[in-house]
Amino acid sequence: MTGDRNRGWTRRQALQSMALAGAAAAWSPRSLAQDRRIGVALVGLGGYAKGLLAPALQLTKHCRLAGLVTGSPDKLPEWQGKYGVPDRNVYSYEDFHRIADNPDIDAVYIVTPNHLHKAHALIAAAAGKHVWCEKPMAMDAAEGEAMVKACRDHKVQLTVGYRMQHEPNTRRFMAMATERPFGRIIKLRADAGWFGWRNGADEAWRLDPARGGGAMYDMGVYCVNAARYSTGMEPVAVQAWDETVRRELFKGVDETMRFRLEFPEDIVAECVTSFGRNLNTLQVDCERGWYTMSPFQGYDGNGGRASDGTVFEPQLGEKPRMQAEQMDQDALAILEQRAPRVPGEEGVRDLRVLDAVFASAKADGKRVEIAQA
Ligand code: NAD
């Protein structure tokens, strides 16, 4: 067909057309993406930023560590020395809004404790910077919605640091939610936890209710997100039980939360999240078989198998390759001006579930319906 249509073209017309097509390709967002690196400022220079994100940024193709925002100036000599970040790109939380005037910085990656995510996202959005925000996106769905709105109003992207959604085996599980290779999904199990604070802890924000502490915020979001991406559906109701054991350590926050999510089609997800047990398993039971990943939310080594003998070998290599892949994908979404893989709305959907989990646990496992968009 194409050949027939072009048969009447003169050689000059054809050459002109090729030149135009070449110029268009040269200027397409896609080819721009090959050349440019997104300047990223890390907000909060704690464990995750230092141990995983900063090293991962060195492995990316489309990002560079361009800025630092911290309340601890004593950390700066080491960070600036190691990553060559100039003084003009260093901010405190108080003068962080001045980032608006800094053309070196395109995106701000929020890696502070959970209670600060919303405030930091709103500052970054108002400064016209794209917002990458760690999980859980905020303290509740209302905060998350405010972040989505601010980013929409300021025309910047908002993406949540759900690194697993960039991991190939996880993406395979996401595809199976619609492909249904073993028929109808009947039941899921998603358990995520780690044994923490063997020797107590004085100033840990993960133990502080005011700063978004507790296992549910920290690890429970992996269960909720996995249950949602493995079914491709939104849960409608939940029952939750706070099974905290070390009450002297966990005051006003959950050490262990068990919860049961009801999905459409009578699908049920049984989940446990904990700071008192090492847990890392996702299992999907279907009419004619099953598939499982364990670990399913590790920094590396995520893999599993299926009842038909399929083996899901770990992908992406060792940590922090997953974080590099995540940030490259998020950078490409900015450069190519398209929606990111994990938009802010995805974080809000999980927070709606968390809101209902906390309400149910408070009412000793009463069935609570989950707000829908
Ligand atoms: P962290 O305690 O190691 O670091 C937090 C940083 O925030 C520190 O630099 C601290 O100085 C700073 N900070 C600013 N205000 C603070 C306050 N009021 N109280 C305490 N610290 C304050 O924590 P982290 O493990 O790096 O976690 C940070 C964020 O990253 C959290 O939202 C967490 O859920 C997320 N995280 C995500 C992953 C993942 O795999 N995606 C892994 C770890 C942490």
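Just so it is clear, the values below take in all heavy atoms, side chains as well, and ignore hydrogens, waters and symmetry mates. In this chain, numbering begins with 1 at the start of the sequence shown. Start at 1 and go down the list; that is how both ligands and their atoms are numbered.
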Distances under 3.5 Å, N/O of ligand 1 against N/O of the protein: list each pair and its distance.
unit_1, atom_1, unit_2, atom_2, d
ligand 1, 2 (O), Trp205, NE1, 2.8
ligand 1, 3 (O), Gly47, N, 2.7
ligand 1, 9 (O), Gly46, N, 3.1
ligand 1, 9 (O), Lys75, NZ, 2.9
ligand 1, 19 (N), Arg211, NH1, 3.0
ligand 1, 23 (O), Trp205, NE1, 3.4
ligand 1, 25 (O), Arg206, NH1, 3.2
ligand 1, 25 (O), Arg206, NH2, 2.9
ligand 1, 26 (O), Gly47, N, 3.4
ligand 1, 26 (O), Tyr48, N, 2.9
ligand 1, 32 (O), Thr112, O, 3.3
ligand 1, 32 (O), Asn114, OD1, 2.7
ligand 1, 32 (O), His117, NE2, 3.0
ligand 1, 32 (O), Lys135, O, 3.3
ligand 1, 34 (O), Lys135, O, 2.8
ligand 1, 34 (O), Lys135, NZ, 3.2
ligand 1, 40 (O), Tyr48, OH, 3.4
ligand 1, 40 (O), Arg163, NE, 2.7
ligand 1, 40 (O), Arg163, NH2, 3.3
ligand 1, 40 (O), Tyr222, OH, 3.1
ligand 1, 41 (N), Tyr48, OH, 3.4
ligand 1, 41 (N), Glu134, OE1, 2.9

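Counting only residues at least two apart or in different chains, salt bridge (charged side-chain N to carboxylate O under 4.0 Å, His left out) contacts with residues 302-314 are absent.
Partners of Tyr222 by side chain to side chain donor-acceptor pair (under 3.5 Å), not counting sequence neighbours, listed by chain and number: Arg163. Partners of Asp74 according to the salt bridge (Lys or Arg N to Asp or Glu O under 4.0 Å) rule, which considers only residues two or more places apart in sequence or in another chain, do not exist here.
In the displayed structure, Glu369 atom CD is contacted under 6.0 Å by at most 12 heavy atoms of other residues, nucleotides or ligands.
A donor-acceptor pair under 3.5 Å links the side-chain atoms of His117 to the main chain of Thr112, judged by distance alone. The closest donor-acceptor contact from the side chain of Ser274 to the backbone of Thr256 lies at 3.5 Å or more, if one exists at all.
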